[in-house]
Colleague: 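My questions all concern the structure below.
We count ligands from 1, going down the list as the structure has it; atoms in each ligand are counted the same way.
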Amino acid sequence: MRVAVLVSGSGTNLQALLEVAPQPDSGYEVVLVISDRERVKALERAADAAIPTKVVPWSGDRAGFTTAICDAAEAAGARVLVLAGFMRVLGAEAIRRFPERIVNIHPSLLPAFPGTGAVAQALAYGVKVSGVTVHFVDEEVDHGPIIAQEAVPVLPGDTEQILHARIQETEHWLYPEVVKALVGGRLQVMGRSVLWR
Ligand code: GRF
């Protein structure tokens with residue numbers, strides 16, 4: 001299945017997805033990388049892997065921005081949108097056009113610490129365990145049905161950077177596993193619950 005990956009920054013999750021895609025059992029191919037920002041590292045990674053890229057700058061108009069992204073993804077034949085460090089909120093049209101086919105990864109155990117700065121929020125709160133959540137995207141931020149969660153310990157002396165690096169180690173194996181399950185038709189959404197088959 002063809003997927004588009006949406007990015008805004010460094011793209012280490014994109015890299016992990018690109019590394020798994022050629023494996024015979026992956027079931028997916030990254031056909032387009034869409035960024036809302038120019039000159040980010042994620043775009044370089046896509047170019048290095050010879051994956052087409054498209055920059056859709058944030059226009060301040062959510063509806064127009066969303067249409068442009070959906071049109072670009074569809075034109076590339078993508079049936080799934082994988083948000084990997086994408087820092088914008090898509091409008092309702094995206095959820096209509098890609099129903100149960102948009103996923104996001106977030107560096108905390110939702111519903112704790114949604115939004116930006118999740119790792120810093122967790123540290124400031126003093127939690128002993130944080131982690132990774134992969135969820136379907138709905139119209140609210142970091143809110144849709146949860147597909148997978150993995151706990152990551154918070155250790156004495158952790159800085160935001162150290163903890164985020166530990167969380168990302170988990171992200172990099174978990175996200176490809178979820179995308180494989182999604183494209184393989186192994187995820188069933190029942191209300192807020194997602195069943196793995
Ligand atoms: C990840 O930690 C992800 O959970 C969050 O943004 C970060 C993106 O990192 N949504 P990268 O661009 O994939 O390196």
Colleague: Using a 4.0 Å cut-off to any heavy atom of Glu171, which atoms of ligand 1 qualify?
Modeller: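 So the atoms of ligand 1 that pass are 1 (C), 2 (O), 3 (C), 4 (O).
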Colleague: Is the closest N or O pair between Thr12 and ligand 1 shorter than 3.5 Å?
Modeller: yes
Colleague: Against heavy atoms of His106, which atoms of ligand 1 measure under 4.0 Å?
Modeller: 4 (O)
Colleague: At a 4.0 Å cut-off, with the gap strictly under it, does some heavy atom of His164 reach an atom of ligand 1?
Modeller: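 Distance cut 4.0 Å: His164 passes for ligand 1.
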Colleague: Looking at Arg96 and Glu93, is any side-chain nitrogen of the basic one under 4.0 Å from a carboxylate oxygen of the acidic one?
Modeller: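 Salt bridge between Glu93 and Arg96, a charged N being under 4.0 Å from a carboxylate O: no.
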Colleague: Quick check on contacts: which atoms of ligand 1 are under 4.0 angstrom from a heavy atom of Pro107?
Modeller: 2 (O), 4 (O), 5 (C)
Colleague: If we ignore hydrogens and angles and just use 3.5 Å, is the side chain of Tyr28 paired with the main-chain N or O of Leu17 as donor and acceptor?
Modeller: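 Side chain of Tyr28 to backbone of Leu17, a donor-acceptor pair under 3.5 Å: yes, one is there.
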Colleague: Can you pull the salt bridge (charged side-chain N to carboxylate O under 4.0 Å, His left out) pairs that have at least one residue in residues 163-176, sequence neighbours excluded?
Modeller: Asp158-Arg166
Colleague: Just need the protein heavy atom nearest to atom 9 (O) of ligand 1, so name the residue and atom and give the distance.
Modeller: Gln168 NE2, 3.1 Å
Colleague: Please state which option from Gly9, Gly85, Gly11, Ala42 has its nearest heavy atom closest to atom 12 (O) of ligand 1.
Modeller: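 Among Gly9, Gly85, Gly11, Ala42, the closest heavy atom to atom 12 (O) of ligand 1 comes from Gly11.
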Colleague: So which protein heavy atom does atom 10 (N) of ligand 1 come closest to, and at what separation?
Modeller: Ile105 O, 2.9 Å
Colleague: Look at the side chain of Arg62 and the backbone N and O of Val89, then say whether any donor-acceptor pair between them is shorter than 3.5 Å.
Modeller: yes
Colleague: Between Asp71 and Arg97, does any NZ, NE, NH1 or NH2 come within less than 4.0 Å of an OD or OE carboxylate oxygen?
Modeller: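 Salt bridge present between Arg97 and Asp71.
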Colleague: Do we see a donor-acceptor contact under 3.5 Å between the side chains of His135 and Thr133?
Modeller: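 No, Thr133 and His135 have no side-chain donor paired with an acceptor closer than 3.5 Å.
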